[in-house]
4 protein chains.
Amino acid sequence: MAEQEGLFAGVFAHGQVDTGSHAWLRAMLDTEAALARAVERAGLAPAGAGAVVTAAAAAAADTIDPAVLGRQAALTGNPVPALVRELTKLVPAQFANAVHPGATSQDINDTAAMLLARQALTVISADLAAAADGCATLAAAHRDTLMIGRTLLQQAVPVTFGLVAAGWLTSLDEARQALDQVRAQRLAVQFGGAAGTLASLGTDGPTVVPLLADELGLGCPVVPWHTDRQRLLDIAFACAGASGALSKIARDVTLLAQSEVGEVREGGAGGGPAGGVRRGGSSAMPHKQNPVAAIAILGCTRRVPGLVATLAAAAEQELQRAAGAWHAEWEPFADLLRLTGSAASWAAELVRGLAVDPGRMRANLDATGGLPLAEHVAGLLAPALGRVAAHDLVAQASARAVATGVSLREALLGQPELRQQLDEAGLSPGQIESALDPAGYLGAAGQFTEAALAAHARQAAG
Amino acid sequence: MAEQEGLFAGVFAHGQVDTGSHAWLRAMLDTEAALARAVERAGLAPAGAGAVVTAAAAAAADTIDPAVLGRQAALTGNPVPALVRELTKLVPAQFANAVHPGATSQDINDTAAMLLARQALTVISADLAAAADGCATLAAAHRDTLMIGRTLLQQAVPVTFGLVAAGWLTSLDEARQALDQVRAQRLAVQFGGAAGTLASLGTDGPTVVPLLADELGLGCPVVPWHTDRQRLLDIAFACAGASGALSKIARDVTLLAQSEVGEVREGGAGGGPAGGVRRGGSSAMPHKQNPVAAIAILGCTRRVPGLVATLAAAAEQELQRAAGAWHAEWEPFADLLRLTGSAASWAAELVRGLAVDPGRMRANLDATGGLPLAEHVAGLLAPALGRVAAHDLVAQASARAVATGVSLREALLGQPELRQQLDEAGLSPGQIESALDPAGYLGAAGQFTEAALAAHARQAAG
Amino acid sequence: MAEQEGLFAGVFAHGQVDTGSHAWLRAMLDTEAALARAVERAGLAPAGAGAVVTAAAAAAADTIDPAVLGRQAALTGNPVPALVRELTKLVPAQFANAVHPGATSQDINDTAAMLLARQALTVISADLAAAADGCATLAAAHRDTLMIGRTLLQQAVPVTFGLVAAGWLTSLDEARQALDQVRAQRLAVQFGGAAGTLASLGTDGPTVVPLLADELGLGCPVVPWHTDRQRLLDIAFACAGASGALSKIARDVTLLAQSEVGEVREGGAGGGPAGGVRRGGSSAMPHKQNPVAAIAILGCTRRVPGLVATLAAAAEQELQRAAGAWHAEWEPFADLLRLTGSAASWAAELVRGLAVDPGRMRANLDATGGLPLAEHVAGLLAPALGRVAAHDLVAQASARAVATGVSLREALLGQPELRQQLDEAGLSPGQIESALDPAGYLGAAGQFTEAALAAHARQAAG
Amino acid sequence: MAEQEGLFAGVFAHGQVDTGSHAWLRAMLDTEAALARAVERAGLAPAGAGAVVTAAAAAAADTIDPAVLGRQAALTGNPVPALVRELTKLVPAQFANAVHPGATSQDINDTAAMLLARQALTVISADLAAAADGCATLAAAHRDTLMIGRTLLQQAVPVTFGLVAAGWLTSLDEARQALDQVRAQRLAVQFGGAAGTLASLGTDGPTVVPLLADELGLGCPVVPWHTDRQRLLDIAFACAGASGALSKIARDVTLLAQSEVGEVREGGAGGGPAGGVRRGGSSAMPHKQNPVAAIAILGCTRRVPGLVATLAAAAEQELQRAAGAWHAEWEPFADLLRLTGSAASWAAELVRGLAVDPGRMRANLDATGGLPLAEHVAGLLAPALGRVAAHDLVAQASARAVATGVSLREALLGQPELRQQLDEAGLSPGQIESALDPAGYLGAAGQFTEAALAAHARQAAG
């Protein structure tokens, strides 16, 4: 677990996800309070016990220092026993048995983790939605903004910036859909007692579980999941999916914002000077404007795969409570929520503030003298020459254009011999000229952009 | 990618998932064939082109050596260009333009990966279902079989083996549900051409994509997903979820099968002597019977987190085609499918053949002289003494039992002073005796077991 | 980065390694102070500048709130620019140019990371040494303590607990050796300025670097390593090696401490009741005594592989400063130091306090009626019968012993037919009896134990 | 384990590292043969046994199909028992006891892994040396070749390509040094028998271990390391270090080779047309020239962190043989060697063939109108204005230059008001002009380049 208030929090704890020690503590106390109310509702605690414990838990949230519990965690391997003792002190003796009834430490820890996850997923979903809306705006505005497509970081064929943004949009929409589904279906209380039987509640356990779930607004599992970590994994995977989508966007922005490319630039949204420090400024180089949001996203998302691996490995839990694998989940799970949340929050800012430079896009597209249209010409020649021969002919002209510094147009039409070949293949100079217009070689870019926008509108409509 | 026929294949390529070089090659050829049929259906290739290319692809699957393509992959960074050249040679010239129309290497590679995934997920789902059925049988048969629950590898309180099996069952059922959902919803063709616009098909791209999807029985994506790797990740996560569930079962089996525990034993299902080598036998120690299936599962599942991390990190793909991140997916994706498949196949065998020893379970439960019932006694004392005092009283008696080697019954009832305390708390010797019967302290074990069985029956019913 | 004072710190921040926000801040200020002294020594700042900035840095360490810097990190992507502004405020104007001269944020961050690493590696090395000494004591004390060796969690052949401890010892010694070597050779200042040329220092950069290194007691690199992360990786790998060795010990302890095995038990060293909470006690089960130290170690070490993966992946850093990969290192690097340190500290306690039960070891060894000596008998028969036939004969006797519940001795000698076979192979009943004595089948256990102790003594002697 | 001959081998199995099934099989047979010779030398087998088994092993290497052993591995969890049976068949009965004496399967598997590692590390070291030599050549040739330094993918301040190559060089040299050290010190035989005591050799075990080590040219460990995986980890970490260094070079090349940057280009070394497929050519775009080697390197190196994580996690091995963790190492260890080897081989080609374009470097440096020298000007103003004011003044001029499209020179000198400020700060127009010459703001670039070359020469000299 990383704290919300640490030295690097501006990068890694951006936005509203809160998984710090105080948030954990509150979630544990909320769980204890809900449990007291649930056992009261089940008739297993005296009337008023729920309210009393709830009040004590609220008081405890303000007075207990997580650091003190943290130190005591060394004695028992987790902070819950110390928490229970502290909470019990705040409860009148006649209600003391309504504190922690039937529960084991893991019940409190795991259910608290679910409460943290609910807060986090709610925030992340909203930030993903905001980022997606921003992408939709970009996709619609730039449906016909020409730019060069780049494969393997080499100029390839023309695309539109609308299509680029549409790709971002679809990935965010699909990641959010998966995340929302997990939030709706996979959050659940863990309540099983010492070994998953709730034996200390006699046969009343199955009565209490749904009441506890109801009190917390969480789902009720088929059986206790103390050593079945599918739910944690589903949350982790949903975050990792979102993180993956965000990482791709951020990577694209850093590449398109390169000095030599200059097609997009981060706006100052949310930034601006603070204490004399300029957003994206460099301490050493006064002229620089760094894509801070994109970099922060990558700083977050690059940490997600390792955390997911840790959690996935931790699913191998022994018998009725794991000796280490369970413990190994706590901080990474919190980190994963926090980092995904930070990345999503940064992304919402980034996309909303992104400045797009269509002029620079066009200039870059034109800079290689028509080479990105080579495929187009080859395609027009293919029916007459066969695809391989057409490909080779244009590849040679392209190579000559590169070697001699002329445009592809010149390389194709400037040589009488080649011109005759083209003639024989039924391609007039006018058709060549036309084939070299990037606006004429966009294929389905517009249709795909519209499809992404339509899908987004459907998802937004519910 | 690990081969199906390697030196360790018996462990890591058990079962029917096939992601070896030949399977990849066939899937690529199936994709090329389907594409030819799709463009013919779209009116973009002459009648008969689909059938001709399909026949050529079938021939190519038998004659092309993956190793030859593999070597040529060094020239272009992937094996598809060489494959296309070889396939084209097998097609009459008039149909040559129906080979690979509109496509780029990634389209073929990614769609082939989806075909491999479909085969794998189908097999894995079936093996998970078989394993789950086996767990259901065990859970039903052992609904009331007493055993000791173990937390942090220490004896805790009684459970039933039925409940243990029910926990396995639920995790398998939920993992399979997630996996089936991915299989139903997230497999899709990738077809975008050089940069995702399908420009070489003019405006016909959006017509061809669904036809290609139809030919292959795969989904049709909103937009090309060449640099949006959510679909691959969803498959990977589904496998990792299943792997996590399987790892927990295998870990439990290795622990319960320990010589000193002896509560379960792997059957010889699928094993038996082969060439004089006995399943689970040791080369050095003639008396040993190793839990080979459980060990093989763990050998597989322990590799999954690293592979998932690799794939999750690879989602950061640059612009219109990634320079390295895409390539980094191929073998790990195939490995992940293969290892999950191998683990699932082993698990189906393991669960079906598992021999359970209720006598040994009872003996282990009784071995500590009633200590696992200490919580029960403390719970009965709590109303009178308060939970903390009750806990401490029983903890002291337990400690004395351990120190002096007597049973908890003896420690509680053998000391007049303590006996009087119990009397005052309203607990008669008979009630203590009764509280020390593990069958009376199972809480909701039976109810939870039935809930898991009912959920399984519902899922099986569809 | 996880804080030292968090809710789970008792488990994950045990011992003396400190990588919290305040420690980072102090290390950054120490670096700035040393840089001022270095430029003064190089004649690039007025006399007294070093002392003035050093004093200001000391004051800043007490007054600057990391949380404030942390929030400002959102503007520039790291907290250093804000730190420099704050520090500069505390320095008289005439010395202001001696703050941060020639440096870029990364110089400060990376050098501070090295200072944290030095503190951490020093502490970890000491804890590893303490743990190794404890293992040496155990190995010497139990050189001849018989116990059963277990392979694949099945009883195999006899070993000694001395040999087990000797294995732990050697792994700790070798891990510490690697770690000490990294500490001695691979810690170095990073100082390169905006892009690794130290251009703002003119040609004086190469004069300042060794002075800065001297001030901090760190090494001087061949060239700035801002985008060459080998040094960080070497530290990470040394930690991961140590963590691996510690994880094996902890795993063994959890297994040997199982209720059904009971061969070792964690002592209360460093524990004892605190606030009524007993070390290793359970909140729900009064009789339990959990191996808290071993579990805490595993809770730490299970997180290390994921962190190492993150750092290893981050080595792919772009050009003169990475856009994200650098940032992704900060918290994981600190976490890795902290977790390794926590695990090492727990291990030193664990090993020192470990209670060994030779009686239980002997009982477990004898529990299977001599089966662990089956290999011994087979080996004695091999010269006469051939190894395969000998193996099969004893395997059959073993199987019969298991099936009928008799000892291997009885299975071998109780059947006249088999007894005759043994006679013919030249093995008398007395030889069989003798072969079934585990003390006679220890091979090199004692020699290996002594070799490990001797190697440890050599390493301790330096 | 991935095969050498798979569909993607051209990318992932480039170069000479061989960890395929046949290589594993040969290494296992080499181990068995060496063991027979060792026991003969120890007087534990009849004269001639070593030669006979060695001959049989050679024959077995040609006749045994790894696939057959692989299938039998399903029975015992590893292929060694089946291998021993097959090998024994090829040995005359009187020498049969010299096959596999004292050994357990793990001894053979682990020692074979060390033999594979030795071959791999030798090859990798040579390829790293070749790559380093290539970097040294580039660094020397381009010691004074100006280019723009880029931080966070934004143009920053001038550097030289020599310095870039020097950074690559140092990282390769240091990675190779670490790798050579592991090769020299950490490869060792594993020989411990069933549980690490070599009991079946009586007290002769310690005699045989060094003889076996001698026969194989491997080190002799202090104690058997069957469950101490430090040696495997050291090898893995050395590979991961090298992989990290290689990944940075490859990333730089992909960035510098971008169409819009064009400062380097991969040569065709080792490529050239093969079957009509051009190295770096695209199947769809005839004009493209992809940086195949750099992409292949990244395809390899991106998989390394996940594999390292798997191996590091596998160090948690239970008691005398791990139930799964050991098995989980086999293929990832082989993959890690293969991928590092492939990346190193690709890198040697890449660096040797790299075409550098100083003209393009200069053009890119000049393209932003002097902005990269802003820091230089600010530095010159700092003594008079103070660093913060100087920084802000130049930052404003830079912003104006960007906004109005003029050069920094024009922005600084073209405004009378600002010009006067500069005058007052003691900076003449001539000094400004001079400060805007990038060749005058290289700091220690040349010195650092020479230091790297000198260190390389020392390392090469031994």
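To find a chain, count down the sequence lines: A is the first, B the second, and so on, and within it residues start at 1.
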Minimum-distance pair of heavy atoms, taken over all atoms of [X] and [Y]:
X	Y	value
C/S21	A/G6	OG-CA, 3.2 Å
C/G10	A/A74	O-CB, 3.5 Å
A/A323	C/R251	O-NH2, 4.0 Å
C/R302	A/A328	CB-CB, 3.7 Å

Which bit of [X] is near chain A, if near means a heavy-atom gap under 4.5 Å: side chain, backbone, both or neither?
X	result
C/E86	neither
C/W346	side chain
C/N109	side chain

**OP:** Report the C-alpha separation of C/I295 and A/H327 in whole Å, then their side-chain angles, then the decisive distance to 0.1 Å, and conclude whether the side chain to side chain contact (heavy atoms under 4.5 Å, CB included) test is met.
**Re:** CA-CA 8 Å; C/I295 292 164; A/H327 309 71; 3.2 Å; yes
Subject >> Evaluation steps, side chain to side chain contact (heavy atoms under 4.5 Å, CB included), between C/T76 and A/N290 >> reply: CA-CA 8 Å; C/T76 49; A/N290 295 317; over 6 Å; no
**OP:** Please work out which of the three classes, parallel, tilted or perpendicular, describes the rings of C/F8 and A/W330, given edges at 30° and 60°.
**Re:** tilted
Original post:
With the threshold set at 4.0 Å, does a side-chain nitrogen-carboxylate oxygen contact exist between C/R71 and A/E5?
Top reply: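 Looking at C/R71 and A/E5, the cut-off is met.
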Original post:
Does a side-chain N-to-carboxylate-O contact under 4.0 Å join C/R338 and A/E331?
Top reply: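 Between A/E331 and C/R338 there is a salt bridge, with a charged N closer than 4.0 Å to a carboxylate O.
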Original post:
Going by heavy atoms in the side chains, are A/T310 and C/L307 under 4.5 Å from each other?
Top reply: no
**OP:** Go through C/N78, C/L298, C/V68 and name the one with the most non-hydrogen pairs under 4.5 angstrom from chain A.
**Re:**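 Maximum pair count with chain A is reached by C/L298.
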Subject >> Per-residue contact mode, A/A296 against chain C (heavy atom under 4.5 angstrom) >> reply: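 Looking at A/A296, nothing touches chain C.
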Original post:
Heavy-atom distance under 4.5 Å to chain C: side chain of A/A325, backbone, both or neither?
Top reply: both
Original post:
When rounded to the nearest 0.5 angstrom, what distance separates CE in C/M28 from CG in A/L7?
Top reply: 5.0 Å
